[in-house]
Amino acid sequence: MKFTTENTSASKPLVSILIVDDKEENLFSIEAILEKDGYNIVKADSGKMALKILLKQFDFSLILMDVQMPELNGFETATLIYQRERLKHIPIIFITANDHGEESLFKGYRTGGVDYLYKPINPDLLRVKVAVFADLYNKRYQLIVQEEKLIIANKKLEIEIEEKRISEEKVTLLNIQLIENITQLKAINEDLERFAYVASHDLQEPLRKIMLFADRLSEKYAAILGTQGSEYLTRMIKATDRMQQLIKNILAFSRATTNIDDFEKTDINAIIEAVISDLEISIEEKRATFHVSPMPSLYVIPTQIKQVFQNLIINALKFSRENVPPVITIHSDIVTGRDVTERDVENYKKQYCKIYIQDNGIGFEQKYADQVFMIFKRLHTHDKFEGTGIGLSICKKIVEKHNGYIEVESKPDVGTTFIIILPMMNDRKENS
């Protein structure tokens, strides 16, 4: 069914009425009565003309049709109208000047008519009857509009449900893949750690023999080797020393795992004091000065956290500026997850200890801040500064195993500050 809504609001369609009568005065009389109510009036002076009009326009609210017309009377015209499927919804009121009894009435109703009007037409009765069908038309229109809205809403809902279903399936699939990848990655990491440990352990024995025989050559055959031979031997011994240190660091890196039972409340002040005591000779040689503020006790693995402080302090001593005694400052702040550079947004109220280890050394460009924690990554050559390029990787691994973070800020010829962020209370339920 089609509705015409031009010249009306979107909520109320234009009500069109087709008047069919062979007498022109009757057409104008009915039009005069109904035009006051704002209907769109279309007139036809015969049944044939009515059928022609209905070929092009079929959204009439009502047809007012005279029964007695030449050629095609009202009943015949109605019969032809209702043979077309798209016109069956249009109600027809027959207009007649004669009362031919019940048989005539039945004939009109059988052809599809819904009511009768008798001439002379009562204007008030005409307007009331037309108003009833106009109201029905408007209500039908509103129902169809609502139905269309519901169809559109249902289609949108079906699309949303389907999209959600597809999205959920994708999320489920991704979760399965993620779990599989995590399991595989964990197995690979375990294999790599075992391999690194075994390989490093097995490398130490032949390395010890190389160092042993190199020492013997140096002691017993120095005269035979001569100056150049001794120099070559010295280089070999230094390279062997570096190799031994590298193996030790690889072993340390592979062992940097955690077990929840290893965590204990630890006095960080005592750890720093022990590290400074262990490095006493290097500190005296560098004429280094320490400024250490009181530290809180933290739930950590003492041996691993000691290694972190030891590696960072060794770095501060190693990378000092020439003829400038190192000044190393260590202090801490207590912060919450909200302050941990948005990395712990799920634990805004969780407390962290933020430890700063600051030096006045050579520093480096800040753009290299992430690279310094990469295993075997070095910013300087062996000729300038000894090292294996593993120390900071070990620090990062240990800190992250403690559910913490480590970062660095640096500036050339000004110094470097390493920042360690550790939970005040270790969550033993988190993975180790």
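No experiment lies behind these values; they were computed from the predicted model shown.
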With a 4.5 Å limit on heavy-atom distance, are the side chains of [X] and [Y] in contact?
X: Leu312; Y: Cys395; answer: yes
X: Thr77; Y: Val20; answer: no
X: Phe364; Y: Val372; answer: yes
X: Gln304; Y: His402; answer: yes
X: Ile334; Y: Pro296; answer: yes
X: Leu51; Y: Leu55; answer: no
X: Ile90; Y: Leu87; answer: yes
X: Val327; Y: Asp359; answer: no

With rounding to the nearest 0.5 Å, note down the distance linking [atom1] in [X] to [atom2] in [Y].
X: Thr266; Y: Ile301; atom1: OG1; atom2: CD1; answer: 9.5 Å
X: Leu126; Y: Leu117; atom1: CG; atom2: CG; answer: 6.0 Å
X: Gln358; Y: His331; atom1: CD; atom2: NE2; answer: 6.0 Å
X: Asp22; Y: Leu72; atom1: CG; atom2: CG; answer: 11.5 Å
X: Leu62; Y: Ile92; atom1: CG; atom2: CD1; answer: 9.0 Å
X: Glu409; Y: Tyr356; atom1: CD; atom2: OH; answer: 8.0 Å

State whether the side chain of [X] and the backbone N or O of [Y] hold a donor-acceptor pair below 3.5 Å, judged by distance alone.
X: Ser410; Y: Gly415; result: yes
X: Asp333; Y: Val335; result: no
X: Asn154; Y: Leu150; result: yes
X: Thr79; Y: Phe75; result: yes
X: Asn181; Y: Gln177; result: yes
X: Thr183; Y: Ile179; result: yes

Considering all heavy atoms of both residues, which atom of [X] and which atom of [Y] are nearest to each other, and what is their separation?
X: Tyr39; Y: Ala134; result: CE2-CB, 3.9 Å
X: Met424; Y: Cys353; result: SD-CB, 3.7 Å
X: Ile17; Y: Val130; result: CD1-CG1, 3.3 Å

Q. Ring centroid separation for Tyr116 and Phe94, is it under 6.0 angstrom?
A. yes
Might you confirm whether atom [atom1] of [X] has over 12 heavy atoms from other residues, nucleotides or ligands at distances under 6.0 Å?
X: Glu169; atom1: CD; result: yes
X: Arg165; atom1: CZ; result: yes
X: Ile281; atom1: CD1; result: no

**Q.** Under 3.5 Å side-chain donor-acceptor pair for Lys354 and Ser332
**A.**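 Side chains of Lys354 and Ser332: no pair found under 3.5 Å.
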Quick test of your reading of the model: are [X] and [Y] salt-bridged, counting only N-O distances below 4.0 Å?
X: Lys396; Y: Glu400; value: yes
X: Arg287; Y: Glu284; value: no
X: Asp21; Y: Lys119; value: yes
X: Asp66; Y: Lys23; value: no
X: Asp115; Y: Lys129; value: yes

Q.
Under the criterion salt bridge (Lys or Arg N to Asp or Glu O under 4.0 Å), I'd like the reasoning laid out for Asp37 against Arg127: C-alpha separation, chi angles, the key distance, then a yes or no.
A. CA-CA 8 Å; Asp37 296 319; Arg127 292 180 64 193; 2.7 Å; yes
**Q.** Candidates Ile81, Ile95, Leu18 - the one meeting side chain to side chain contact (heavy atoms under 4.5 Å, CB included) with Met65
**A.**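 When Ile81, Ile95, Leu18 are each tested with Met65, the side chain to side chain contact (heavy atoms under 4.5 Å, CB included) holds only for Ile81.
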Q. Do Asp278 and Lys306 pass the side chain to side chain contact (heavy atoms under 4.5 Å, CB included) test, and can you show the C-alpha distance, the side-chain angles, and the key distance before you say yes or no?
A. CA-CA 11 Å; Asp278 291 344; Lys306 181 181 179 183; 3.1 Å; yes
